[in-house]
Amino acid sequence: MAVKGKTLLGAMLLGGAMLGVFASPEPARAIEACESDAFLIAKLHAEAEANTGQLARKIATESTRDRAWQILLDRLVLEGQDAGALRNLDALSMVHFTRVARETVLSNRYIAKLDYCFDRQLVRGLFRENSIAYAEFMSERIMLLPIFIKSGRGHLWRKPNPWKESMEKILPEHRGLVRLRIPRGFAIERSISGEGILTEGRAYLTRAAELDTAAMVLVSTAEVQSGILVVAGTLYHRDGRKLAEISELRVSADGNISRALDRLAVDFVEEIEQVWKQANRVDLEHETNLRVSVAVESLEQWFALEAKLKRLAPIERIDLRRLSATEAVMDMALIGSRGTLYYALEAAGYALSVNQNAEVGGYVLEANR
């Protein structure tokens, strides 16, 4: 087990019934959208064998649905919460829809890729009833730069970099709220180096974010120090501002370093998830109301904006107070922090500013890009 070092600093602002072989692409109907990406568990592998293809399908879809429910709980529920009763729940009652991305039905076997969208309001209600602390705000894509320091030099793209290799093993299966991605491409590898990241500072990180159009950059280092393997990380905004230090993880460097890094990679990503969830946890006890004005040009524009805002965490409810030919005034009910709201709005292309019209008060919502 890894031994955690320094304390976490700050918050991160942040179908076919045919026998034989039947491969079905996505149905031709309009693709149904999940209300929130946080409640969508996508592209799960489903497979089973039985006396008939249809029975195999039933077994595979039910077991995969139960697995999707466990993944959802792991994604949303904060560490230390007693969610045992929820894990034994019949997941079918929580599913909004199931989508078949691809399937193959044989005479006694079924193979598929399935998406499960869980009902946001039902799951939220379940958490409230059981006093389970949770978060549901997914980050924008975060560029992860894993650097292995050896003999004082930072290795990123060139070998040896067992830290990057360990992260590449686990990220494809990571299904949390934090979207981590190691960038690829000739332009990135030619322009960004481990040494540059470690020595050149803010301007260098800003350039890295621009090349990959990332919302944030997570620089993580792994290094052997006096016989101890130390992994640490720092999160930066895309403009180069430091947002948070991630606590160090330490293990003995004796033995196979690659295996030790594999274990640390899992712990490191889980640490990031817990920091993110704690910073963006839903407040079940308090509700904050904000009066918000926004310029609109048509009824259709208002409905489109309202639908978009309702999908954002931590917005619980939107009550329209006034609608004219040029402006809508609404009350936003929040069940999370204002910091989470500001970041969610920024990710969606909006920003809030204080309303200078004292008669209306509150805030003005404007597009920021």
Side-chain angles (χ1 to χ4, degrees), residues 15 24-27 29-48 56-79 81 83-104 110-130 132-142 144 167-181 265-266 269-270 272-274 276-277 280-282 310-314 336 344 347:
S24 70
E26 185 101 13
R29 62 176 175 78
I31 298 176
E32 190 169 10
C34 204
E35 184 179 4
S36 167
D37 285 347
F39 292 83
L40 175 65
I41 307 300
K43 298 181 181 178
L44 282 187
H45 178 76
E47 185 172 352
R57 171 190 278 167
K58 182 176 184 296
I59 294 171
T61 54
E62 289 179 356
S63 64
T64 307
R65 182 178 63 228
D66 290 340
R67 181 157 53 96
W69 175 244
Q70 303 305 317
I71 292 172
L72 183 76
L73 292 178
D74 290 338
R75 172 186 285 176
L76 303 183
V77 175
L78 269 66
E79 189 176 37
Q81 300 294 298
L86 276 59
R87 293 191 179 277
N88 297 323
L89 185 76
D90 179 10
L92 179 60
S93 63
M94 293 289 118
V95 174
H96 177 50
F97 68 81
T98 302
R99 183 165 57 222
V100 179
R102 182 174 179 83
E103 67 177 1
T104 299
Y110 178 79
I111 306 171
K113 290 289 185 182
L114 304 175
D115 298 345
Y116 291 92
C117 174
F118 290 92
D119 190 296
R120 186 183 191 187
Q121 299 308 319
L122 289 179
V123 175
R124 280 175 160 185
L126 190 66
F127 288 152
R128 287 191 180 90
E129 291 169 11
N130 291 272
I132 300 294
Y134 71 100
E136 62 174 69
F137 179 45
M138 298 194 79
S139 76
E140 286 188 271
R141 183 166 51 80
I142 298 175
L144 173 62
M167 296 302 299
E168 287 175 332
K169 290 177 186 176
I170 70 165
L171 288 184
E173 298 302 319
H174 176 59
R175 295 180 179 274
L177 292 175
V178 179
R179 293 164 164 163
L180 297 170
R181 176 181 177 273
V266 175
V269 171
E270 181 57 28
I272 296 166
E273 281 290 329
Q274 293 306 323
W276 182 266
K277 286 193 279 191
N280 296 288
R281 65 181 294 169
V282 171
K310 283 182 176 179
R311 290 195 293 269
L312 299 181

Within the structure provided, determine whether [X] and [Y] are in side-chain contact (heavy-atom separation under 4.5 Å).
X    : Y    : value
F127 : V282 : no
H45  : I111 : yes
N280 : L177 : no

Tell me if a side-chain donor or acceptor on [X] pairs with a main-chain N or O of [Y] at a distance below 3.5 Å.
X   : Y    : answer
R99 : A33  : no
R75 : A38  : yes
Q70 : R87  : yes
W69 : L86  : yes
Q81 : I132 : no

Q.
The criterion is side chain to side chain contact (heavy atoms under 4.5 Å, CB included); which residues satisfy it with R120, sequence neighbours excluded?
A. E35, S36, F39, R124, E136, A313
Roughly how far apart are [X] [atom1] and [Y] [atom2], rounded to 0.5 Å?
X    : Y    : atom1 : atom2 : answer
L72  : F118 : CG    : CZ    : 5.5 Å
R179 : I142 : CZ    : CD1   : 10.0 Å
R67  : I41  : CZ    : CD1   : 10.5 Å
H174 : E270 : NE2   : CD    : 8.5 Å
T98  : L92  : OG1   : CG    : 8.0 Å
F97  : D119 : CZ    : CG    : 11.0 Å

How close do [X] and [Y] get, counting heavy atoms only, and between which atoms?
X    : Y    : result
L114 : A46  : CD1-CB, 3.7 Å
G176 : M138 : O-CE, 3.4 Å
Y116 : T61  : OH-O, 2.9 Å
L89  : M94  : CD2-CG, 3.7 Å
Y110 : E103 : OH-OE1, 2.6 Å
R65  : V95  : CD-CG2, 3.7 Å

Q: Would you please test V269 and M167 for side-chain contact (heavy atoms from CB on, under 4.5 Å) and show each step?
A: CA-CA 9 Å; V269 171; M167 296 302 299; 3.6 Å; yes
**Q.** Trace of the side-chain contact (heavy atoms from CB on, under 4.5 Å) decision for L144 with L171
**A.** CA-CA 10 Å; L144 173 62; L171 288 184; 3.9 Å; yes
Q.
Assess the residue pair V100 and R57 against the criterion (side-chain contact (heavy atoms from CB on, under 4.5 Å)); give the C-alpha distance rounded to whole Å, side-chain angles, the decisive distance to 0.1 Å, and a yes or no.
A. CA-CA 12 Å; V100 179; R57 171 190 278 167; over 6 Å; no
Q: Using salt bridge (Lys or Arg N to Asp or Glu O under 4.0 Å) as the criterion, list what pairs up with K113, not counting sequence neighbours.
A: none
Q: Report the residues that fulfil salt bridge (Lys or Arg N to Asp or Glu O under 4.0 Å) with K169, sequence neighbours left out, ordered by chain and then residue number.
A: D262
